[in-house]
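Here's the structure, in structure tokens; my notes come after.
The first residue in the sequence is number 1, and the count goes up from there. Please read these numbers as outputs of a predicted model, since none were measured by experiment. Note: hydrogens, waters and symmetry copies are ignored here, and every other heavy atom, side chains too, is used.
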Amino acid sequence: MKRSLFWLCGGLAFVTVMLLLVPGDGRPSDFSLFLGRFHPLVVHLPIGILVVAVLLELLSRIPSLRGRYDTGILALLYIGVWTSILAVLAGLYLAQGGGYAANELMWHKRMGVLVVLCASLAYLYKAWPGLSERWLKHWERRMYGIALCVMLVAITFTGHLGGVLTHGPDYLTRYLPDGLRQIAGLPKKADIGKLQLENPSQATVYAALIAPILESRCVACHNANVQRGGLRLDEPEFITEGGDSGPSIVAGRSHESELIYRIWLPSSSGDRMPPEESPQISIAEAELLRWWIDSGASFDELLPDAEWSPTTQTIVEYMGLGEIRTGIFALETTPPDSMDVVALATLGLSVIPLAEHEPYLQVRCVNPQTCTDNDRLKDALRRLSPNIAWLDLGRTQIGDNLLEAVGDLPHVTRLHLQKTSVTDAGLAYLSDLEYLEYLNLYGTEVSDSGLVHLEDLPALKSLYLWQTGTTGEGIARLQSAAPELYINTGLSLSPVQSDSTGP
């Protein structure tokens with residue numbers, strides 16, 4: 001017994017020393033990786049042995065079987081301790097290869113060591129009853145059972161974390177029935193792999209598609225604490241900066257990017273990333289990375305603005321991004337009231353749906369001679385204010401007074417005011433229309449002073465100012481404030497030059 005205790009204590013001390021000496025990063029030697037490959041083989045031995053020891057202990061609680069299995073339990077615990085020590089050591093060497101999520105790996109190591117300690121404690125209490133009675137008094141008899149229970153819990157968590165590290169976080173729950181998934185707060189099986197974005201229209205390509213790939217496949221070895229090859233891939237600025245081999249990505253040229261080169265190397269290559277023993281990147285993920293780099297590797301481009309290749313279009317459609325609703329169509333808006341639609345139509349306006357199954361309307365004054373009752377028109381427009389997206393009041397008698405009601409239409413995107421009597425004062429009412437994309441002021445008395453109210457319209461793309469009181473200086477100031485805005489000031493012809501080549 002004394003000899004077994006000596007070897008047991010020596011083994012525990014050896015594990016402690018290895019935990020301190022075996023590095024968690026750096027380039028491992030081939031021999032250490034060779035030893036690490038025995039971890040999957042060895043790790044199943046202590047699991048089975050120790051679980052059988054617990055089952056036999058439970059059986060021995062039956063009065064007729066009491067004491068029958070004590071020798072076998074003692075032998076199993078002793079063998080289980082030593083095979084646990086071997087599994088921990090092999091796991092430490094395997095972890096040197098990298099490619100594992102740091103947090104899960106840390107807890108996997110801790111749980112593995114806890115299994116060794118609890119199995120050792122259970123063996124000691126089984127072999128030497130009364131070992132700590134002097135210090136623990138009444139608790140001494142319970143320590144054996146406590147050690148077995150904690151050991152069983154540690155085995156369970158260690159095995160689960162091992163599956164997560166090897167096969168991914170959904171390894172255990174991948175085929176869980178939907179009923180149980182709902183109880184556990186997990187998405188349905190049909191939604192696995194689908195993107196869960198609160199507002200896809202405002203999400204960037206990098207945040208929605210690229211960052212999750214890097215996080216799950218690359219960041220374990222390239223983060224703030226571990227930088228294999230001097231490379232970090234956890235933040236945009238470090239991705240651009242690159243590592244010891246140069247820039248990790250070359251915008252617009254995936255074939256020259258080190259990141260893509262390493263991903264597509266054969267599995268037999270030691271430079272392939274992720275490492276062979278780590279969860280591998282899928283073909284779809286690799287294709288998304290290549291497409292992103294070829295598209296300019298932008299960290300700010302929004303999903304609705306992306307130009308998908310046929311292959312990436314298939315991928316994102318499967319991920320639930322087949323239709324990305326933008327602008328007013330990404331908003332929750334109630335359908336218009338039919339009585340309010342009729343009331344507006346009786347004032348001489350055409351009111352039709354903007355699109356099928358959409359809550360938005362396009363409103364147009366069909367006969368300018370009938371759209372003259374400004375007070376009733378203001379009231380009718382306000383009752384349908386959430387639903388009016390296109391409004392055409394061109395060539396009518398409306399003025400600045402009605403524009404006050406137009407400024408209360410939060411979802412209007414197109415506004416025709418050509419050949420009306422609106423002025424600079426009326427344009428002040430339009431300064432809060434955040435979705436206004438098109439504005440036609442042709443033939444109005446608007447001047448440079450009115451253009452100031454249009455400088456901060458975030459969505460304005462097209463502005464028509466032909467035959468207005470604006471000047472080149474005012475238009476230039478507006479263009480400077482909104483560089484992407486298209487401003488049409490009418491057709492201008494250059495003077496015809498004389499032909500100097502003639503006779």
Side-chain angles (χ1 to χ4, degrees), residues 25-27 97-103 105 168-169 193 195-197 200-321 324:
D25 53 16
R27 187 66 179 177
Y100 301 105
N103 188 58
L105 180 60
L195 288 176
Q196 305 295 327
L197 302 175
S201 64
Q202 297 300 316
T204 64
V205 173
Y206 171 75
L209 301 176
I210 305 305
I213 298 174
L214 299 178
E215 177 67 31
S216 62
R217 307 301 185 195
C218 308
V219 169
C221 292
H222 304 283
N223 54 64
N225 299 317
V226 181
Q227 293 109 39
R228 294 284 174 84
L231 175 64
R232 284 183 62 175
L233 294 173
D234 55 333
E235 297 292 343
E237 59 266 29
F238 299 115
I239 296 174
T240 305
E241 181 179 324
D244 296 342
S245 300
S248 59
I249 61 172
V250 180
R253 299 195 295 275
S254 64
H255 60 283
E256 297 179 13
S257 299
E258 187 74 11
L259 180 66
I260 301 301
Y261 168 74
R262 295 295 186 99
I263 286 174
W264 287 101
L265 282 174
S267 58
S268 58
S269 173
D271 292 330
R272 175 184 168 87
M273 294 297 163
E276 184 182 359
E277 60 273 7
S278 305
Q280 294 299 296
I281 192 169
S282 69
I283 295 176
E285 291 170 332
E287 183 59 34
L288 282 174
L289 287 174
R290 179 158 56 184
W291 163 82
W292 175 67
I293 294 173
D294 283 334
S295 300
S298 171
F299 295 97
D300 302 315
E301 183 180 36
L302 298 177
L303 284 171
D305 300 330
E307 295 184 6
W308 311 102
S309 68
T311 302
T312 53
Q313 181 69 47
T314 301
I315 296 171
V316 297
E317 284 181 358
Y318 172 79
M319 298 171 72
L321 292 178
I324 303 174

Indicate whether the side chain of S254 and that of S257 have a donor and an acceptor atom separated by less than 3.5 Å.
no

Roughly how far, to the nearest 0.5 Å, is the [atom2] atom of [Y] from the [atom1] atom of [X]?
| X | Y | atom1 | atom2 | answer |
| --- | --- | --- | --- | --- |
| N223 | E215 | CG | CD | 9.0 Å |
| E287 | I281 | CD | CD1 | 11.0 Å |
| D294 | T312 | CG | OG1 | 10.5 Å |
| M319 | L288 | CE | CG | 6.0 Å |
| L259 | H222 | CG | NE2 | 8.5 Å |
| M273 | C218 | CE | SG | 9.5 Å |

Give a yes or no on whether the backbone of [Y] and the side-chain of [X] come within a donor-acceptor separation of less than 3.5 Å.
| X | Y | value |
| --- | --- | --- |
| E285 | S282 | yes |
| S248 | I239 | yes |
| S269 | P266 | no |
| R272 | I263 | yes |
| D305 | E301 | no |

I'd like to know whether L289 forms a side-chain contact (heavy atoms from CB on, under 4.5 Å) with I260, so could you lay out the CA-CA distance, the side-chain angles of the two residues, the decisive distance to 0.1 Å, and finally the verdict.
CA-CA 8 Å; L289 287 174; I260 301 301; 4.0 Å; yes

Could you tell me which non-hydrogen atom of [X] sits nearest to which non-hydrogen atom of [Y], and how far apart they are?
| X | Y | result |
| --- | --- | --- |
| I315 | A284 | CD1-O, 3.7 Å |
| A208 | L303 | CB-CD1, 3.9 Å |
| P212 | A207 | CD-O, 3.4 Å |
| Q313 | W308 | OE1-CD1, 3.2 Å |
| F238 | L231 | O-CD1, 4.4 Å |
| R262 | S245 | NH2-OG, 3.7 Å |

Quick check: are there more than 12 heavy atoms from other residues, nucleotides or ligands sitting under 6.0 Å from CD of E237?
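More than 12 heavy atoms, drawn from other residues, nucleotides or ligands, come within 6.0 Å of this atom.
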
Would you indicate whether the side-chain heavy atoms of V316 and W291 approach each other to under 4.5 Å?
no

The criterion is ring-ring contact (aromatic ring centres under 6.0 Å, His included); which residues satisfy it with F299, sequence neighbours excluded?
Y206, W292

